[in-house]
Peer 1: 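Dropping the structure in here first, questions after.
The model shown is predicted, which means the values in this text are computed figures rather than measured ones. First the proteins, then the strands, lettered A, B, ... as listed; each starts at 1.
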There are 2 protein chains.
Amino acid sequence: MGVDPGLTRCGFAVVQMQPNRSGESLHVEVKGTSSDEDLAVRILAIQRAAEQLLDEFAPDVLAIERVFSSANAPTAIATAQASGVVIAAAAARGIPVAWHTPSEVKAAVTDDGRADKDAVARMVARILNLPGLPKPVDATDAYAVAICHGWRSGVGAKFNMTAATATHQGARTALQKAAAQRSTGMTAAQRAWQDAERRAARR
Amino acid sequence: MGVDPGLTRCGFAVVQMQPNRSGESLHVEVKGTSSDEDLAVRILAIQRAAEQLLDEFAPDVLAIERVFSSANAPTAIATAQASGVVIAAAAARGIPVAWHTPSEVKAAVTDDGRADKDAVARMVARILNLPGLPKPVDATDAYAVAICHGWRSGVGAKFNMTAATATHQGARTALQKAAAQRSTGMTAAQRAWQDAERRAARR
DNA sequence: CCCATTATAATGAGGT
DNA sequence: ACCTCATTTGCTTCAC
DNA sequence: GTGAAGCAACGGTTCA
DNA sequence: TGAACCGTATAATGGG
């Protein structure tokens, strides 16, 4: 499941990635909250939305865009608050969480770290065999994150994500450690995977 | 209940404010999470802690420090994520949430916007008749936020907080609006209350 | 293959 | 409902 | 009383 | 276990 966190609009996309680099869209949803409501209520609404989807689709992993702040603290904070409840909801269900920066996402789907939104939308549509471009903008991003993670984590490649079992411990720890020990003699895909996991683990 | 949000250490303080400007400490707790754990798990732990306390003490209001970011985005974001789950937990229980800036808090309890930590700790201890200074530093801050809100919201004064009932709508909206309509002819306490609420409502 | 540089967002309000 | 555009912290304190 | 300026924190690691 | 100190973003792109 990919998530594009935001206070006013939070995008969720459930995708089934295939070994052959394509994917199937199982669900898309953009939860909107109006500024008329109390902030706490808005955050709660997002949490509820996330919970519902996680329960309904029980994804193997939750991929979410890392929050970035450049000269707009308030919005970044609000976004972070929203992302907080989402990742907590995942953790409560033993679902591993992976973070990806916007650049990673764009680069993953378009092979160009600085591709405009349209390019991303088009690629997403192609990869998922969508009839048209994803309707709400935030849906596109949610899709993209999901795809990005699928790619980088190696879903459909030689490696698969192992679902987290314990509530107490990060799921990927074991795999990570194993990979880290043999830091040499890996294919490009393996390196990419390791790097991605290592990075994701830092947060 | 006052909250000092943080990822590694999150302080919670339950206080019963008295009409005579003093208060009684009902509970203090600092939830700590180690960086060994997965971030999602850490956030979840904080959420759980908040939930437990909210259920146990059913406070009239949750007062929390507003997150501030200047030259440290990552930290601010983590803090915000933590605060997110806390306020969501409150919202889920229909408990109104109020935000206060660090300056407000310090100024409220020490009459000096830029008082050092010790001064705050001492004042808190005095106000609450504590045997000694609050043990974990974060506890002090949690206490202070609670006291600050009690003061500024007028708990123990002529006005009391009304608990939120609906999940869907901000609790204070009605009160706020009523107060805003008659913006004149109020006592200092009334003005303070109105201002505090108005400010709190913005976020 | 390694190093330096640089680009990066989201909200709220208002109009269509 | 979608899209476009502009904005980008807030409070205490001190000086006047 | 009004207006202008300055300042605010936390996480990770290491040591006692 | 608790206290003090230091740093404060990241990753893709392009060039050496």
Peer 1: What's the gap between dA9(F) and dG12(E) when it is taken at their C1' atoms, as a whole Å value?
Peer 2: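 Taking atom C1' in both dA9(F) and dG12(E), they lie 15 Å apart.
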Peer 1: Strictly below 4.0 Å: does Arg42(A) bring a side-chain N or O up to OP1 or OP2 of dG12(C)?
Peer 2: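 Indeed, a polar side-chain atom of Arg42(A) lies that close.
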Peer 1: From NZ of Lys135(B) over to C1' of dA3(F), roughly how many Å is that when rounded to an integer?
Peer 2: 14 Å
Peer 1: If you restrict it to nitrogen or oxygen atoms, what contacts under 3.5 Å exist between nucleotides 6-9 of chain F and the protein, and what is each distance?
Peer 2:
unit_1	atom_1	unit_2	atom_2	d
dT8(F)	O2	Asn72(B)	ND2	2.2

Peer 1: When the distance from NZ of Lys117(A) to P of dA9(C) is rounded to whole Å, what number comes out?
Peer 2: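 Those two atoms, NZ and P, are 8 Å apart.
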Peer 1: Distance check, C1' atoms only: dC14(D) and dT6(C), in whole angstrom units.
Peer 2: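 Per the computed distance, 41 Å lies between those C1' atoms.
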Peer 1: With C1' as the reference atom in both, quote the distance from dA8(E) to dT8(F) in angstrom, rounded to an integer.
Peer 2: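 My reading of the C1' atoms in dA8(E) and dT8(F) gives 15 Å.
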Peer 1: Please name the residue in the list Asp138(A), Asp4(A), Asp141(A) that meets the side chain to side chain donor-acceptor pair (under 3.5 Å) test with Arg9(A).
Peer 2: Asp138(A)
Peer 1: Side chains of Glu56(B) and Gln52(B), heavy atoms from C-beta outward: is any pair under 4.5 Å?
Peer 2: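 Glu56(B) reaches Gln52(B) side chain to side chain.
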Peer 1: For the residue pair Ala49(B) and Phe12(B), what are the closest heavy atoms and their distance?
Peer 2: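 Smallest heavy-atom distance, with atoms named: CB-CE1, 4.2 Å.
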Peer 1: From the options dT11(C), dT12(D), dG11(E), select the nucleotide whose nearest atom is closest to the side chain of Leu7(B).
Peer 2: dG11(E)
Peer 1: Nearest to the side chain of Ser103(A), which nucleotide is it out of dA13(C), dG11(E), dA11(F)?
Peer 2: dA11(F)
Peer 1: What nucleotide, of dG12(E), dA9(E), dT11(C), holds the atom closest to the side chain of Thr8(A)?
Peer 2: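 The answer is dT11(C).
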Peer 1: Under a plain distance cut-off of 3.5 Å, with no hydrogens placed, do Asp112(A) and Thr110(A) share a side-chain donor-acceptor pair?
Peer 2: no
Peer 1: Whole Å only: how far is the CG atom of Asp138(A) from the C1' atom of dA10(C)?
Peer 2: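 Rounded to the whole Å, the gap is 10 Å.
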Peer 1: Are Val15(A) and Met1(A) close enough that some pair of their side-chain heavy atoms sits under 4.5 Å apart?
Peer 2: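 No - every pair of side-chain heavy atoms lies 4.5 Å or more apart.
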Peer 1: Between dC11(D) and dG11(E), how many Å separate the two C1' atoms, rounded to a whole number?
Peer 2: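 About 25 Å, rounded to a whole number of Å.
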Peer 1: Tell me the interatomic distance from Asp116(B), atom CG, to dA8(E), atom P, rounded to whole angstroms.
Peer 2: 12 Å
Peer 1: Could you state the atom-to-atom distance from CD of Glu37(A) to C1' of dG12(C) in whole Å?
Peer 2: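 Whole-Å distance recorded here is 14 Å.
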Peer 1: Taking the side chain as C-beta and beyond, is there a heavy-atom pair between Arg93(A) and Glu51(A) under 4.5 Å?
Peer 2: yes
Peer 1: Given atom CD of Gln81(A) and atom P of dA9(C), what is their separation to the nearest angstrom?
Peer 2: 20 Å
Peer 1: Can you find a side chain N or O atom of Arg9(B) that sits less than 4.0 Å from OP1 or OP2 on dA9(E)?
Peer 2: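 It does not, given that no N or O in the side chain of Arg9(B) lies less than 4.0 Å from OP1 or OP2 of dA9(E).
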Peer 1: Dot-bracket for DNA chain E, please, read 5' to 3', with Watson-Crick or G-U wobble pairs under 3.5 Å on both distances, ( ) within the strand, [ ] crossing, | other strand, . unpaired.
Peer 2: ||||||||||||||||
Peer 1: Side-chain contact test, heavy atoms from C-beta onward, threshold under 4.5 Å: evaluate it for Glu65(A) versus Thr101(A) and give yes or no.
Peer 2: no
Peer 1: My understanding is that a pair needs two contacts under 3.5 Å, Watson-Crick or G-U wobble. By that rule, which nucleotide pairs with dT5(C)?
Peer 2: dA12(F)
Peer 1: Taking all atoms of both residues into account, what is the closest heavy-atom pair of Glu104(A) and His100(A), and its distance?
Peer 2: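 Answer, listing the atom of Glu104(A) first, then His100(A): OE1-CA, 3.1 Å.
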Peer 1: What are the two closest heavy atoms between Val86(A) and Ala50(A), and how far apart are they?
Peer 2: CG2-CB, 4.2 Å
Peer 1: Want to settle it: does Val137(B) or Thr101(A) sit nearer the 5' end of DNA chain F, counting the closest nucleotide to each?
Peer 2: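 The residue mapped nearer the 5' terminus is Val137(B).
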Peer 1: Counting only side-chain N and O atoms of Ser35(A), is one of them less than 4.0 Å from OP1 or OP2 of dT11(C)?
Peer 2: no
Peer 1: Distance check needed: dT8(C) C1' versus Asp141(A) CG, whole Å only.
Peer 2: 12 Å
Peer 1: Among Leu62(B), Val109(B), Thr140(B), Val105(B), find the residue that satisfies the side chain to side chain contact (heavy atoms under 4.5 Å, CB included) test when tested with Val145(B).
Peer 2: Val105(B)
Peer 1: For Glu65(A) and dT10(F), what is the distance between atoms CD and P respectively, to the nearest whole Å?
Peer 2: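 Taking atom P of dT10(F) as the reference, CD of Glu65(A) is at 16 Å.
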Peer 1: Given side chains that start at C-beta, do those of Leu128(B) and Ile147(B) come closer than 4.5 Å, heavy atoms only?
Peer 2: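 The answer is yes, as the side chains (C-beta and beyond) meet within the 4.5 Å cut-off.
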Peer 1: For nucleotides 13-15 of chain D, give me every protein contact, N/O to N/O, under 3.5 Å, one pair per line with atom names.
Peer 2:
unit_1	atom_1	unit_2	atom_2	d
dT13(D)	OP1	Asp112(B)	OD1	3.1
dT13(D)	OP1	Gly113(B)	N	2.4

Peer 1: Just by distance, with hydrogens left out, do Ser83(B) and Gln81(A) show a side-chain donor and acceptor under 3.5 Å apart?
Peer 2: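 Yes - a donor-acceptor pair under 3.5 Å links their side chains.
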Peer 1: Counting C-beta onward and ignoring hydrogens, is there a side-chain heavy-atom pair between Val28(B) and Tyr143(B) closer than 4.5 Å?
Peer 2: yes
